Every structure is written in structure tokens, then in C-alpha cells.
*Asks:* 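Please find one structure pasted underneath; my questions will follow.
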Amino acid sequence: MTDLYFFIKLMARNRLWLVAGGLLSLFTMLCQVGLIGVSGWMITSSAVVGSAAFVGAVAPATLLRLFASGRILGRYAERLITHEAIFRSLTEIRVWLFARLIPLSPGRLDVERSGTLLSRITRDIDALDGLYLNVLVPGAVALVATACLGIFLGFISPLLALGVVLAFGLAGLGLPILAHRSAKHLVGQSKRTSEEL
């Protein structure tokens, strides 16, 4: 985790782009939740009241269009901004890395061929784009969206809100921890088996 924190600090020079991408991702997620909620409301109301009585309801149809348009535009803008943020951050990391490698190049890096070393470095740096796009943004959006959903449901039923937040917490934190422990256990078993052979 300390190694990841070091790279997060290097990425922080582009914090405005990173935060803007996260906010757009949150906006898109909230539009998706709103779209699903209004759709469910329309379907349920049509079933209970009857389609003839529900046809004149303008507000749900307007909300559907609003949330659908917001989701489409938000997703497009989020892709643009998050990728711009990660490309800028990777540029900062590459510049930082090569500034430290150049003084070592005459003597200390001769143990490996220059092409092999360059390939390994670029591959490792390119793997860092997943840190922001696949770990930091989805994790932060999931936390904020769960908090917003818990607050909204708390006005309806505090017990329901607690149950939903606990279920989301178990799915978002409990299952990854369980999977990590299971993977460590399997790795330990395979090492013991290979040593016995």
C-alpha cells in the first residue's frame, strides 16, 4: 500500500483533472440510479393505478429523459476527463522516472539490455492507469453513492437504510477481503505442495 501511496502522490499534481473525472463519474452513477428509480416508479404506478390514468403524468417522463440524457452526456464527459487525467499523470510519472534513470545509465543499468529494461519500465508504468480508472474512481464513487443512498433511504426507513448500507459494505469490503485471504491460502498450499514434490 505504501508503494501505491507514492504513485498517488505523483499523480496528485493533476488533482483538478483527477477530481473532475471522479465527480463526473459520480454524476453518471447518480443519473443511472435516478433512471432506474423513476423507471420502477412508472412501472409500479402503471400497474397499480392503470395505464390509462398514468398516461397524463408528465413529470416521470420528463425525469426519465433528464436522467437518460444526463447519463449519456456524463459518461462521455467522464471518459474524456478521466483518460485525460490518467494520461497527464502517466506523463508525470514517466518524466520523474527517466529523470532518475538517466544518471544511472552509464554504469549501473548495464546488467540488462536497454530494450528489455525500457520494455519492462513502460509496461509497469502503463499498468498504473488501472490504479485510477479501475480502483480509485470506482471505489470513491461506490462509497459516496452508498452514503447518498443511505441518507435518502434514511428518510423513508432508518432500518432499511442500515440494512442496505451494511449489505453494500459487505459486498464492497467483505467479499474482497475474503477473496484475498482465500487467494493467500491457496498460494500457501501450492508452495507447500511444490516443496513436498
Side-chain angles (χ1 to χ4, degrees), residues 1 4 8 11-12 14-90 126-183:
M1 191 64 188
L4 290 182
I8 291 170
M11 289 178 172
N14 298 300
R15 66 176 62 88
L16 290 177
W17 287 95
L18 298 170
V19 170
L23 289 175
L24 280 168
S25 183
L26 178 63
F27 171 76
T28 306
M29 171 68 75
L30 293 177
C31 283
Q32 288 175 342
V33 170
L35 188 61
I36 292 169
V38 173
S39 301
W41 173 37
M42 284 185 74
I43 292 168
T44 305
S45 299
S46 296
V48 171
V49 178
S51 57
F54 197 71
V55 167
V58 178
T62 305
L63 283 175
L64 273 179
R65 289 189 187 96
L66 184 68
F67 284 134
S69 301
R71 185 185 67 156
I72 293 167
L73 295 173
R75 178 66 67 200
Y76 180 73
E78 179 236 332
R79 293 290 178 194
L80 283 177
I81 299 297
T82 53
H83 282 79
E84 180 68 24
I86 198 61
F87 289 146
R88 286 173 178 261
S89 299
L90 290 179
D126 288 342
L128 286 173
D129 66 352
L131 174 64
Y132 174 70
L133 294 174
N134 301 328
V135 177
L136 296 178
V137 170
V141 167
L143 284 174
V144 174
T146 302
C148 291
L149 184 62
I151 291 168
F152 176 75
L153 291 176
F155 290 113
I156 299 169
S157 167
L159 190 61
L160 175 66
L162 181 64
V164 167
V165 169
L166 284 177
F168 281 14
L170 180 64
L173 295 174
L175 291 178
I177 290 171
L178 185 65
H180 178 68
R181 288 186 178 171
S182 299

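One-based numbering along the sequence shown. Only a predicted model underlies this, so the values are computations on that prediction, with no experimental measurement involved.
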*Asks:* So do Leu133 and Val137 actually touch side chain to side chain, heavy atoms under 4.5 Å?
*Replies:*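 Result no, sub-4.5 Å side-chain heavy-atom pair not found.
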*Asks:* To the nearest 0.5 angstrom, please state how far the OG1 atom of Thr82 sits from the CG atom of Leu136.
*Replies:*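 Rounded to the nearest 0.5 Å, the OG1-CG separation comes to 12.0 Å.
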*Asks:* Quick one, Phe168 and Leu149 - any side-chain contact, counting heavy atoms below 4.5 Å?
*Replies:*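 In short, these two side chains touch, coming nearer than 4.5 Å.
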*Asks:* May I ask you to decide if Val165's main-chain N or O and Thr146's side chain share a donor-acceptor pair within less than 3.5 Å?
*Replies:*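 Side chain of Thr146 to backbone of Val165: no pair is present.
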*Asks:* Determine the minimum heavy-atom distance between Ala161 and Gly150, stating which atoms define it.
*Replies:*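 Where Ala161 meets Gly150 most closely, the heavy atoms are CB-O, 3.4 Å.
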*Asks:* How far does CG of Leu73 sit from CZ of Phe27, to the nearest 0.5 angstrom?
*Replies:*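 The distance works out to 7.5 Å.
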*Asks:* Quick one, Val141 and Val144 - any side-chain contact, counting heavy atoms below 4.5 Å?
*Replies:*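 Not in contact.
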*Asks:* Quick check for you: to the nearest 0.5 Å, what is the distance between Arg79 atom CZ and Thr28 atom OG1?
*Replies:*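 One gets 9.0 Å once the value is rounded to the nearest 0.5 Å.
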*Asks:* Are the side chains of Arg75 and Gln32 in contact, using a 4.5 Å heavy-atom criterion?
*Replies:*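 Yes - at least one pair of side-chain heavy atoms lies under 4.5 Å apart.
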*Asks:* Rounded to the nearest 0.5 Å, what's the gap from CG on Leu24 to CE on Met29? Could you check?
*Replies:*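 Rounded to the nearest 0.5 Å, the CG-CE separation comes to 13.5 Å.
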*Asks:* What's the verdict on side-chain contact (heavy atoms from CB on, under 4.5 Å) for Phe87 and His83, showing C-alpha distance, side-chain angles and the deciding distance?
*Replies:* CA-CA 6 Å; Phe87 289 146; His83 282 79; 4.2 Å; yes
*Asks:* If you define the side chain from C-beta out and look only at heavy atoms, does anything of Leu18 sit under 4.5 Å from Ser89?
*Replies:*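 A side-chain contact exists here, since the closest heavy-atom pair is under 4.5 Å.
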*Asks:* Does Leu64 reach the side chain of Leu35, with side-chain heavy atoms less than 4.5 Å apart?
*Replies:*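 Yes - at least one pair of side-chain heavy atoms lies under 4.5 Å apart.
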*Asks:* What do you reckon, is CG of Leu159 surrounded by more than 12 foreign heavy atoms closer than 6.0 Å?
*Replies:*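 Counting other residues, nucleotides and ligands, CG of Leu159 stays at 12 neighbours or fewer.
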*Asks:* With rounding to the nearest 0.5 Å, note down the distance linking CG in Leu178 to CG in Leu173.
*Replies:*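 The distance works out to 12.5 Å.
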*Asks:* Please tell me if the side chains of Cys148 and Phe152 come closer than 4.5 Å, counting only heavy atoms from C-beta onward.
*Replies:*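 They are not in side-chain contact.
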*Asks:* Okay, side chain of His180, backbone of Pro176: is any donor-acceptor separation there less than 3.5 Å?
*Replies:*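 No: the side chain of His180 does not pair with the backbone of Pro176.
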*Asks:* So, do Leu162 and Leu166 sit near enough that their side-chain heavy atoms are less than 4.5 Å apart?
*Replies:*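 When only atoms from C-beta onward are counted, Leu166 and Leu162 do touch, with a gap below 4.5 Å.
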*Asks:* If I take atom CG from residue Asn14 and atom OH from residue Tyr132, how far apart are they, to the nearest 0.5 angstrom?
*Replies:*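 Reported value, rounded in 0.5 Å steps: 10.0 Å.
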